[in-house]
Each structure stands twice: as structure tokens, then as C-alpha cells.
Amino acid sequence: VTILNNLIKLYGIDSKIKEALEVFDFIKIEGHMPPVSSYNAILSALVNMKRNSMAENMFTEMRGNGVRPNKETYTLMIQCMCRKGNLDGAISLLNDMIQNGCTVDVVNYTFVISRLCRRGRMEQASEIFDQMQKNGCEPNIVTYNSMIIGLCFVGRVEEALEWLNIIKSKDCKPNIYTYTLLVDNFCKVGRLDEAKEIFNEALTSGIKPNVVTYNALANGYCKEGKLDEALLLLEEMPQNDCMPDMITYTTIIYGLFKGNKILEALKLHDQMADKGHELSMKTLTDLFRRLCRDGYTTDAIRLFRKIEKSGHRHD
RNA sequence: ACCGGGCGACAUAGC
């Protein structure tokens, strides 16, 4: 049966629904109720293939057959419910788990909290956050980060920042995600100075900003029209062992568009081409269109030739 | 039951 279970999971990874179900049915025909492990296998396959409704039906069938879900089953079904957008369903699964004597771990709680936070359902997120602690499960940094995302999402950035201190007062250290999140969200509400402060705090507390942190900051500068600052970051990054990536360049190029600095944008494109970075075709065509629209016809043609030479298809 | 290991949760541009 173990072998058949693994086969089902492999079909799941390969998106072969029919095959997976056939193996599962075969286990049924073998005489007895499929064991939990087989239900878990088919559920895992279905969830992998995003057949969430089928997974839900399978779960119902399983319970109807008197097969007790275990921790793995619940972990899968929580994922399934969240993907369907049925967060209340996910919450009641958490409660079911406890009633069935399964240990709900920090990842289970955090997963649900994270989905609630992404939708801004902070009351429910906080409720689970409290509940997990009552059940003896301490939040970890991912849990805190999820809560911070939620607070930012609903516009409570102040509170989000306060959580940074709360985290530090527990035996839990903020990580680069924490700082990046805060930098990004302070940028997004136009509070660049504070974003920069948070950025510096990361540095002083020994957390190295990475390319994502820089990109968030660059985006903030661009959205506020501080293009020079954004361009400065490009120089600063390599000094901090961070190489700009496609997102960095894309961010700044669109920023330059908005500031009508089309030639600067083109220059940046040439620079990155020299370093072996590429832009997406979408960005390239946007650049091309802007050059045309703004009358830089020769540059546009030059760019066009370059795109052609790079051998990509273009329209 | 206990121990050890693996898997599953978090951040940035454009679309």
C-alpha cells in the first residue's frame, strides 16, 4: 500500500488526475477501506493539482467512511480550504484538529493567520493568534511577519511598526522579511524617511538588506519621483553584496518613464545589457513605445535592432 | 511513549 500511495503522490506531482484516481480506486477494490495514508495520498495529489473541490469531496467521503483524519490530512485540507477562499472552513478545521487529538503546530496556525491577514481579516487573525498561545503554541517570526502584513494591508502601519518592538521583547528575532515588509509598506504610504530609518535599523541590528529590500526602497523612491535617490541605490547595492536584478531595473525604468526621463531609461537598459541582465519583453516594448512616442526615433530603431539581434520574438 | 530527520507557512517591479 505504501508503494501505491507513493505512486498516487507522484501522479499528483505530474498532474495525472486519472491515473492517480485509478490507483486509489484500485486500493479500494482490494477489499477494504483505504487507510488514512491512502486518503492522504489522494488528497495530496488533488491539492497539488488544484482540484480543491474534488479534494473536499474526498475528505467528506473519507469521514463518511469512518476513516479518521490525521495531522497530515488536516494540513492538506487547510491548504485546500484556503485556496478555495473558504477561510472560515480552514478555521473550523483547526478546531476539528484539536478535538480529534491532533497537535496543531505553529505552521498550521501561521498558515491560516497568513491567509486571513492577506485579506485584511485582522479580527479573526488576532483571534487565532491569541488562541494558539492559549493552546501552548508560541508564534514564531513567520507568524509575526504575517500579522505585520495584515496590519499594513489594512493601513495600520504604525501598529505594524510597534510589533517590531514586541517581537524583539520575545525570544524571537526579526528577520530580513520583517524589515523588508516594513520598508516596503512605509514606502507605499509615502513615508520614505521612516522607511529609510527602518532600513538603517536592519543594518545596525545585523540583518543584511538583500535585493528585495533594496527593490522595495527603490520602488518607494520612484513612486515619489525621487529618481536620483533610486539611481544612487544602484551604486550602493554592490557595495553591500547585493546585485541588482531584473526587478530592480524594471522598477527604476518605470520610475524614469513616469518622470519622463526616457533617455535615462534607455541608458539604464544599455547598462544592464552590458552586465548581462535582460528586461522582460513587456518592459522592452514599453520602452520602445515610449521612445517612439516621444520622438526619439533613431534610439527606438537602435533598440529595435538590438532586440532583434538578441533573438527574441517580438511584435 | 521517547528521540532524531525530512516536508508543509512570510517580503519587492510590471502584468
Side-chain angles (χ1 to χ4, degrees), chain A residues 6 9 12-13 40-41 43-44 47-48 70-83 90 94 103-118 125 128-129 132 137 139-153 160 163-164 167 172-188 195 198-199 202 207-223 230 233-234 237 242 244-258 265 268 272 277-287 289-290:
Chain A
N6 288 331
K9 288 186 188 172
I13 293 168
N40 288 344
L43 286 172
S44 144
V47 172
N48 253 315
N70 62 16
K71 183 171 160 59
E72 188 184 342
T73 322
Y74 282 114
T75 302
L76 286 163
M77 287 314 295
I78 287 172
Q79 245 182 295
C80 168
M81 288 301 181
C82 289
R83 284 208 191 147
L94 285 178
T103 53
V104 186
D105 67 23
V106 62
V107 176
N108 297 133
Y109 281 119
T110 303
F111 191 94
V112 177
I113 288 176
S114 159
R115 308 300 136 148
L116 288 167
C117 286
R118 280 191 206 174
I128 304 217
F129 184 83
M132 72 187 279
C137 182
N140 65 16
I141 188 56
V142 180
T143 322
Y144 287 114
N145 288 345
S146 303
M147 291 297 287
I148 291 179
I149 291 174
L151 289 170
C152 291
F153 183 82
W163 276 70
L164 190 56
I167 294 170
C172 182
K173 286 186 83 62
N175 62 13
I176 189 56
Y177 284 73
T178 321
Y179 285 108
T180 304
L181 265 164
L182 289 168
V183 167
D184 181 42
N185 283 289
F186 271 86
C187 281
K188 284 191 167 132
I198 297 164
F199 183 91
I207 309 282
K208 274 177 99 82
N210 61 20
V211 61
V212 181
T213 323
Y214 274 106
N215 289 347
L217 198 55
N219 187 41
Y221 284 138
C222 287
K223 292 275 145 67
L233 287 180
L234 278 181
M237 290 174 69
C242 251
D245 62 9
M246 190 180 73
I247 294 185
T248 323
Y249 288 111
T250 307
T251 305
I252 299 182
I253 284 179
Y254 279 101
L256 292 166
F257 283 175
K258 263 212 323 215
L268 199 51
M272 57 183 294
H277 288 289
E278 293 194 2
L279 284 173
S280 72
M281 198 34 100
K282 166 94 177 80
T283 313
L284 282 172
T285 49
D286 282 347
L287 178 57
R289 287 207 185 105
R290 283 298 297 253

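Just the heavy atoms: all of them, side chains too, but no hydrogens, waters or symmetry mates, feed the values below. Labels below follow one simple rule: chain letters A, B, ... track the order of the sequence lines, proteins then strands, and each chain is numbered from 1.
- No engagement by A/K9 is indicated, since no non-hydrogen atom pair under 4.0 Å with the nucleic acid exists.
- Protein atom CG of A/L182 is 12 Å distant from nucleotide atom C1' of B/C10, rounded to whole Å.
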Expected rows: protein N/O vs nucleotides 6-8 of chain B N/O, under 3.5 Å:
residue, atom, partner, partner atom, Å
B/G8, N1, A/D105, OD2, 3.0
B/G8, N2, A/D105, OD1, 3.4
B/G8, N2, A/N108, ND2, 2.8

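- Looking only at side-chain heavy atoms (C-beta outward), A/N185 and A/I148 stay at 4.5 Å or farther from each other.
- Between the base of B/A11 and the side chain of A/N175 there is no donor-acceptor pair shorter than 3.5 Å.
- The distance from the SG atom of A/C152 to the CG atom of A/L182 is 5.5 Å, given to the nearest 0.5 Å.
- The CD1 atom of A/I176 sits 11 Å away from the C1' atom of B/U12 (whole-angstrom rounding).
- Proximity note for A/N140 (side chain, C-beta onward) versus B/C10, B/A9, B/A13: the nearest is B/A9.
- Using a 4.0 Å heavy-atom criterion, one finds that A/N185 contacts no nucleic acid atom at all.
- The phosphate of B/G14 (OP1 or OP2) has a side-chain N or O of A/K223 nearer than 4.0 angstrom.
- Closest to the A/T250 side chain, of the nucleotides B/A13, B/A9, B/U12, is B/A13.
- Two residues are said to be in side-chain contact when any heavy atoms from C-beta on lie closer than 4.5 Å; A/W163 and A/T178 fail this criterion.
- A/F199 and A/Y214 have their aromatic ring centers within a separation under 6.0 angstrom.
- Nucleotide B/A13 holds its P atom 18 Å from the CG atom of A/L268, rounded to whole Å.
- Of the candidate nucleotides B/A13, B/C10, B/G14, B/C10 has the atom lying nearest to any side-chain atom of A/R118.
- Here B/U12 presents its P atom at 16 Å from CE of A/M237, a figure rounded to the nearest Å.
- Between A/I149 atom CD1 and B/A11 atom C1' the separation is 6 Å, expressed in whole Å.
- For B/A13, the OP1/OP2 oxygens have a side-chain nitrogen or oxygen of A/K188 closer than 4.0 Å.
- What separates CZ of A/F129 from P of B/A9 is a distance of 20 Å, to the nearest Å.
- The distance from the CG atom of A/L233 to the OH atom of A/Y221 is 6.0 Å, given to the nearest 0.5 Å.
- Rounded to the nearest 0.5 angstrom, A/F111 CZ and A/D105 CG are separated by 12.0 Å.
- Non-hydrogen atoms lying under 4.0 Å from RNA chain B are contributed by A/V212, A/N215, A/A216, A/N219, all within residues 211-221 of chain A.
- Note that CG of A/L94 and CD1 of A/I113 are 8.5 Å apart. Values are rounded to the nearest 0.5 Å.
- Protein atom OH of A/Y177 is 7 Å distant from nucleotide atom C1' of B/A11, rounded to whole Å.
- Note: CD1 (A/I252) to C1' (B/G14) measures 14 Å, nearest angstrom.
- One distance of note links NZ of A/K188 with CG of A/N219; it measures 6.0 Å at 0.5 Å rounding.
- Atoms OG and CZ, on A/S146 and A/F129 in that order, are 10.0 Å from each other to the nearest 0.5 Å.
- Using a 4.5 Å heavy-atom threshold, the side chains of A/T251 and A/I247 count as touching.
- Minimum atom distance to the side chain of A/K282 is reached by B/C15, of the listed B/A9, B/A11, B/C15.
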